[in-house]
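Some notes on the structure that comes next.
No experiment lies behind these values; they were computed from the predicted model shown.
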Amino acid sequence: KISYYENMFKKTEFLKENVLFYSSQISYREPENENSPLQSIYITGCSFAYGFGLEKDETLSAKLGHLIQNPVYNKAYQSWGLNHTVFLAENDILLKNNLKDPLAVFFLYGMFQDKRMFMPNVFFERDEILYKVKGDKLIPRKNIFHFQSSNFPLIYTINERFFNILAISPFFKKRIEEMLFFHFKTLKEEINKKYPTTKLVILEYSPSQTSKNISDDLAKENIQIISFSDDLKLNLNQRKYYIPNDGHPNKQVWEIVTPKLIKELEKRNIDITEK
């Protein structure tokens with residue numbers, strides 16, 4: 001229903017040539033309870049949030065919409081990370097045309113150590129592998145390989161392996177934590193510029209030391225983390241919870257998670273209206 005970047009273009013320089021990248025039309029999942037006058041919930045993130053491999057009624061957004069009266073919008077897609085979500089928020093695409101402040105934005109991601117949390121992936125150039133935080137800004141590091149991966153699968157693969165090797169060291173682990181916190185803080189600020197009462201809730205599928213290490217800082221920014229493994233007491237790493245020959249959650253996961261998630265939201269005073 002909405003063009004992803006709505007005719008917004010980004011220009012970059014690669015091999016001394018100007019290359020224009022743009023998105024195609026992205027088919028978001030259909031919203032649930034769209035005509036409800038209640039405050040809406042938006043779900044964004046990667047293929048886990050989108051519901052890769054699932055029918056439209058089997059996704060987290062659909063299951064949630066079946067149990068509550070609030071409108072539920074799915075603004076996620078495969079391989080998208082925090083950069084995509086921040087971009088959507090900055091350009092007033094993530095939340096749009098609301099009569100009242102949305103109740104909450106849920107950011108769901110498969111694994112918080114994944115490099116795609118911070119890097120544009122599908123349509124755009126690859127950002128520098130790591131950044132440094134300077135004051136309230138995120139500054140790209142210099143002398144780090146800069147890959148344009150959209151049209152070069154081999155370079156893309158090398159970049160993935162390179163990041164995974166770097167991420168093992170304590171130094172880069174700390175940088176990743178800084179970058180993760182910065183992106184979430186920026187996302188919340190961008191959302192609250194127009195919708196000051198809307199809450200940002202991080203839904204963590206797999207347990208992550210990275211997110212635990214920044215949880216106190218996130219709490220100070222009034223950003224909540226709900227971990228399916230810790231808060232909801234679920235073990236979702238078993239093979240029976242994945243699509244066969246694939247790493248994405250199957251429909252059984254969201255059937256189990258959604259009722260427990262609703263109870264967790266109520267405990268945290270996020271006032272959804274159950275059916």
Taking N70 for its side chain and Q39 for its backbone only, find out whether a donor-acceptor pair lies under 3.5 Å. yes

Considering residues at least two apart in sequence or located in another chain, which fulfil the side chain to side chain donor-acceptor pair (under 3.5 Å) criterion with E32? none

Ionic contact status for E266 with K263, cut-off 4.0 Å: no

I'd like to know if E264 and K260 make a salt bridge, using a cut-off of under 4.0 Å between side-chain N and carboxylate O. no

Which pair of heavy atoms, one from S206 and one from G110, lies closest together, and at what distance? OG-O, 3.4 Å

Looking only at atom types and distance, does a side-chain atom of R29 sit under 3.5 Å from a main-chain N or O of Y50, one as donor and one as acceptor? yes

Does S211 use its side chain to pair, donor to acceptor, with the backbone of S208 at less than 3.5 Å? yes

Are F184 and F107, when compared by the centres of their aromatic rings, separated by less than 6.0 Å? yes

Listed partners of E58 passing side chain to side chain donor-acceptor pair (under 3.5 Å), at least two apart: none

Let me check something: do L203 and I68 share a hydrophobic cluster, defined by ILVMFWY side-chain heavy atoms less than 4.5 Å apart, either directly or through other members? yes

Counting N and O atoms only, with roles assigned by atom type, does the side chain of S36 sit under 3.5 Å from a partner on the main chain of Q69, one being a donor and the other an acceptor? yes

Answer yes if the ring centres of H248 and Y242 are under 6.0 angstrom apart, and no otherwise. no

Residue pair S227 / E204, side-chain donor-acceptor N/O under 3.5 Å: yes

Considering all heavy atoms of both residues, which atom of L218 and which atom of I225 are nearest to each other, and what is their separation? CD1-CD1, 3.5 Å

Any luck finding a side-chain donor-acceptor pair between D101 and T198 under 3.5 Å? no

Is the shortest side-chain heavy-atom distance between L236 and I256 below 4.5 Å? no

Just so I know, are the side chains of D92 and K194 near enough to count as touching, which here means a heavy-atom distance under 4.5 Å? yes

Could you walk me through whether E177 and K173 satisfy the salt bridge (charged side-chain N to carboxylate O under 4.0 Å, His left out) test, starting with their C-alpha distance in whole Å, then the side-chain angles of each, then the deciding distance to 0.1 Å, before giving a yes or no? CA-CA 6 Å; E177 290 170 9; K173 282 182 179 179; over 6 Å; no

Step-by-step side chain to side chain donor-acceptor pair (under 3.5 Å) determination, K275 to N33: CA-CA 11 Å; K275 289 184 176 177; N33 312 322; 3.2 Å; yes

With a 4.5 Å heavy-atom cut-off, do F106 and L64 have their side chains touching? yes

Return yes if some donor-acceptor pair links the side-chain N/O of N250 with the main-chain N/O of K240 below 3.5 Å, else return no. yes

Take atom NZ in K188; do more than 12 heavy atoms of anything else shown fall under 6.0 Å from it? yes

Under 4.5 Å between any side-chain heavy atoms of P259 and L67, yes or no? yes

Side chains of K199 and I270 in contact at under 4.5 Å (non-hydrogen atoms): yes

For residues 210-225, which residue pairs pass the salt bridge (charged side-chain N to carboxylate O under 4.0 Å, His left out) check, not counting sequence neighbours? K212-D230

Salt-bridge contact K174-E178 (side-chain N to carboxylate O under 4.0 Å): no

